[in-house]
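Keep in mind it's a predicted model, so treat the numbers as computed, not measured. Worth knowing before you read on, the calculation uses all heavy atoms, side chains too, and leaves out hydrogens, waters and symmetry mates. Whatever order the structure lists them in is the order used to number ligands and atoms, beginning at 1.
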Amino acid sequence: MSESIRILSRSELPAEGEAREAVCGNRVLCIAQVNGEIHAVDNACPHRGGPLGQGIVENGTVVCPWHAWAFDLKTGAAAHSPLARVAVYPVRVEGDDVLVQLG
Ligand code: FES
């Protein structure tokens with residue numbers, strides 16, 4: 001059974017073309033906004049655990065600030081290898097609340 005958890009208020013969303021970290025229960029997610037669409041992926045980079053939410057957003061990907069692996073914000077797939085990916089979570093906005101559906 002999946003549950004939706006409020007992760008941010010609308011006013012706390014990253015600006016267009018940017019990402020930020022957001023704590024959600026016992027996890028940290030990377031929240032990014034691209035073309036008005038909100039994306040949520042795991043914050044920990046599968047390479048060495050770099051904080052994706054501190055990375056830059058480029059061409060629909062978030063780029064890890066540590067060694068520049070890039071992950072597609074829609075699919076979670078790494079640009080350089082189909083074997084590396086981050087989990088992607090559905091996001092919806094309800095009123096002032098930004099909700100993420102985990103698991
Ligand atoms: S920790 Fe993210 S690219 Fe190395």
Side-chain angles (χ1 to χ4, degrees):
M1 187 79 174
S2 59
E3 57 177 323
S4 290
I5 296 183
R6 181 188 183 280
I7 189 163
L8 294 171
S9 69
R10 217 181 176 121
S11 62
E12 294 169 319
L13 281 170
E16 173 62 37
E18 293 185 6
R20 62 160 291 178
E21 295 173 304
V23 176
C24 188
N26 57 0
R27 355 182 169 192
V28 183
L29 301 184
C30 163
I31 308 294
Q33 184 165 188
V34 179
N35 297 327
E37 206 174 319
I38 314 301
H39 302 277
V41 302
D42 274 335
N43 191 56
C45 176
H47 180 219
R48 299 267 176 87
L52 295 179
Q54 294 177 29
I56 58 165
V57 172
E58 207 171 69
N59 300 325
T61 70
V62 61
V63 182
C64 180
W66 286 6
H67 315 100
W69 284 18
F71 299 90
D72 187 300
L73 285 160
K74 287 188 176 164
T75 67
H80 69 287
S81 166
L83 299 178
R85 61 174 51 245
V86 288
V88 173
Y89 304 98
V91 182
R92 70 177 198 277
V93 178
E94 274 184 17
D96 188 45
D97 296 329
V98 180
L99 304 168
V100 174
Q101 190 178 323
L102 297 174

* Keeping the roles fixed (side chain from Asn35, backbone from Glu37), state whether a donor-acceptor pair exists under 3.5 Å. => no
* To do: For atom 4 (Fe) of ligand 1, find the closest N/O/S atom on His47 and give its atom name.
  => ND1
* To do: Number the atoms of ligand 1 from 1 as they appear, then name those within less than 4.0 Å of a heavy atom of Trp66, with their elements.
  => 1 (S)
* Provide the number and element of each atom of ligand 1 under 4.0 Å from a heavy atom of Cys64. => 1 (S), 2 (Fe), 3 (S)
* Heavy-atom contacts with Gly50 under 4.0 Å: which atoms of ligand 1 show up? List them by number with element. => 1 (S)
* **Within 6.0 angstrom of Arg10 CZ, more than 12 heavy atoms from elsewhere** => no
* Structure fact -> Per side-chain contact (heavy atoms from CB on, under 4.5 Å), Leu8 is matched among Val98, Val91, Asp96 by Val98
* Asked: Is it the side chain, the backbone, both or neither of Trp69 that has a heavy atom closer than 4.0 Å to ligand 1?
  -> both
* **Nearest neighbour in protein (non-hydrogen) for atom 1 (S) of ligand 1** => Arg48 N, 3.2 Å
* Out of curiosity, Trp69 CH2 to Arg85 CZ, how far, rounded to the nearest 0.5 Å? -> 13.0 Å
* Asked: Does any N, O or S atom in His67 come within less than 2.8 Å of atom 4 (Fe) of ligand 1?
  -> yes
* Asked: Do we see a donor-acceptor contact under 3.5 Å between the side chains of Glu21 and Gln54?
  -> yes
* Considering only NZ, NE, NH1 and NH2 on the basic side and carboxylate oxygens on the acidic side, decide whether Arg92 and Glu94 come within less than 4.0 Å. => yes
